[in-house]
Number of protein chains: 2
Amino acid sequence: MTEPPYLHIAAAIRHRIETGALRPGDRVPSTRQVVRDLGVAMATATRALAVLRDEGLVVTRPGSGTVVRTPDPPARRRAPVQELTTDRIVTTAMAVADAEGLEAVSMRRLAAELGVGPMSLYRHVAGRDALEVLLVRAVLREHPLPEPGPPGWRAKLELVSRVQWRAYRTHPWLPELISMTRPVLVPEAMAHTEWTLQALAGLPLPQAERLREALTLPALVRGLAASVAAETRAERETGQDNHEWWTTLGGEVRALLGSGRFPHLAAVQGQTLEDMDALLEHALTRHLDGLEMRLRAATSAGGSTSR
Amino acid sequence: MTEPPYLHIAAAIRHRIETGALRPGDRVPSTRQVVRDLGVAMATATRALAVLRDEGLVVTRPGSGTVVRTPDPPARRRAPVQELTTDRIVTTAMAVADAEGLEAVSMRRLAAELGVGPMSLYRHVAGRDALEVLLVRAVLREHPLPEPGPPGWRAKLELVSRVQWRAYRTHPWLPELISMTRPVLVPEAMAHTEWTLQALAGLPLPQAERLREALTLPALVRGLAASVAAETRAERETGQDNHEWWTTLGGEVRALLGSGRFPHLAAVQGQTLEDMDALLEHALTRHLDGLEMRLRAATSAGGSTSR
DNA sequence: ACCTGAACACCGTTCAAGT
DNA sequence: ACCTGAACACCGTTCAAGT
């Protein structure tokens, strides 16, 4: 009667497994499906699956969802329980973050996912903060910069921005983790700044200005990525995409839009933001066109002292 | 012997109250003073004061610190304990966020600060998330946009960007709280988008492009602000400013910088980022120069269909 | 010495017991 | 009906007990 919803959901799925409606290898409903179909919170859906995982009924394979576990591979020598390593911890953390967001990555959750006690993780990573640094390093290694890169400063800056953009888009939690003037001082992050400074090296601008450029450009990319990520997160949490959101607006907001106080906003409402990548290209074109203008001024003034 | 530090600190202050060294109405040391003078963590100092507050020995008056409680105001009808209101909660939350960062703003901490039980807050705000929306609204109201604003699209865009920048700089936790395509749909946030769309209204660009502009510009400002805020937070947490950080770099990083793998970064190290505001002006100038170029192209092509 | 479970000090929020 | 303390289900990490 007072059974919490997550137990109820877990019981329903368990029943389908025990009756054979779901067979070994079949995918069980994803947390997102549960959220959408049953109208419960993400936390509830996550907990329900965690119950089944703890019972050994299902296994979560990063990238391919949660499936019914194949019961003990018959007779064959069972693979030794995988040794716990820093790499496995980081890989698992990344899978959880990609699937459910950074806030789902807790030390305890990772431990459960890896089948060890929470404290075992601490023998391989110093703590939650250190794990975040490892995550950033791992992602950056996934998205290497070419050497020496294309010719010309503009092509180079476009390339490094797009590589960063792609990293952010692949891992929507990444923007939260990157800081700027205090770049996580690890080789992988330093490489990006170095590459950018290299792209700017030959330009007729004072060093201080080249540094400002090397700091603002990635901040711009990250800012845009963070905004897009907020959208992704909102979709995951509410189960409504941008278009649905605009069409199901609450009465008060609808009233405000109709009030005549926000005519331009009202004219734009419902206009689908079809293509997030177009936002990057827009911002990038404006910025680099601006830099080109600045270079023309610096050159025609015959030096770098002009504004 | 094994007495936790916060109890020790509480006992010391209690002693000064009981001996009359601190009299009713006197201010007891603030958490910040305790942190500075005793070299303990903020959490410890906060907890010490919480102990005294729970004992009824002191009361915290938001805005005026924590003072020794006047024992039952003799005979006279006691002034009604300040009524709990949504406004007081938001004001307190903002003060805590400004002083210690958003992560210090917990429902329980606010309740303690206001001298009520945690659950009392829920009669005025729906929960932690709703409180964050209220915080955003309150900050935006602090930074109104002029009507009708200066003439010319460029002056208008510079103004709205600088107003946002100032809000972010005043409250470094704000960038974390703002999303973009799903603008917190409250009038205060809508007003900014409306104002920006208005500034762009007369330009010879397709509506979709004006919308992209109205989304990328604030994302850029926010991205830069988030980066600067990361620096602020790092300073608070490590007690090292940017310059100190560079000069006390760990051995491994110093080795990397000296390794010759990052020549441009090495050349720039220690160069002080004197002026954060210059970063905004840099990014803003590049972007708006770029937009100016785009407009020239659109105009000379005689329409808005050109790239 | 190496490993990790128990425990501590938090958190947001539900629920039911108090007035 | 209104208000809020107790309790639940989390969290990261310290510490000391186990091997």
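All chains are named by letter (A, B, ...) in the order of the sequence lines, taking the proteins before the strands, and each is independently numbered beginning at 1.
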Nucleotide dT14(C), atom C1' - distance to CE of Met107(B) in whole Å: 13 Å
Atom-to-atom span, CD of Glu83(A) to P of dC2(C) - whole angstrom: 15 Å
Paired nucleotide for dA16(C) [Watson-Crick or G-U wobble; both distances under 3.5 Å]: dT4(D)
Gap between atoms CG and C1', on Leu121(B) and dG12(C) respectively (whole Å): 11 Å
Nucleotide paired to dA9(D) in any strand shown, Watson-Crick or G-U, under 3.5 Å: none
Arg108(A) CZ to dG5(C) C1', straight-line distance once rounded to whole Å: 11 Å
Rounded interatomic separation in angstrom, taking CZ from Arg128(A) and P from dA9(C): 23 Å
d(OH, Tyr122(B); P, dT13(C)) in whole Å: 4 Å
Nucleotide nearest Arg123(B) (side chain, heavy atoms from C-beta), chosen from dT13(C), dC11(D), dC3(D): dC3(D)
Separation of atom CE in Met119(A) from atom P in dA7(C), rounded to whole Å: 15 Å
Whole angstrom value for the distance that separates C1' of dC11(D) from CG of Leu110(A): 13 Å
Test item: Met94(A) and Trp173(A) side chains (from C-beta on) under 4.5 Å apart, heavy atoms: yes
dC11(D) OP1/OP2 closer than 4.0 Å to side-chain N/O of Ser106(A): yes
Beyond-backbone contact of Tyr168(A) with Val228(A), side-chain heavy atoms, under 4.5 angstrom: no
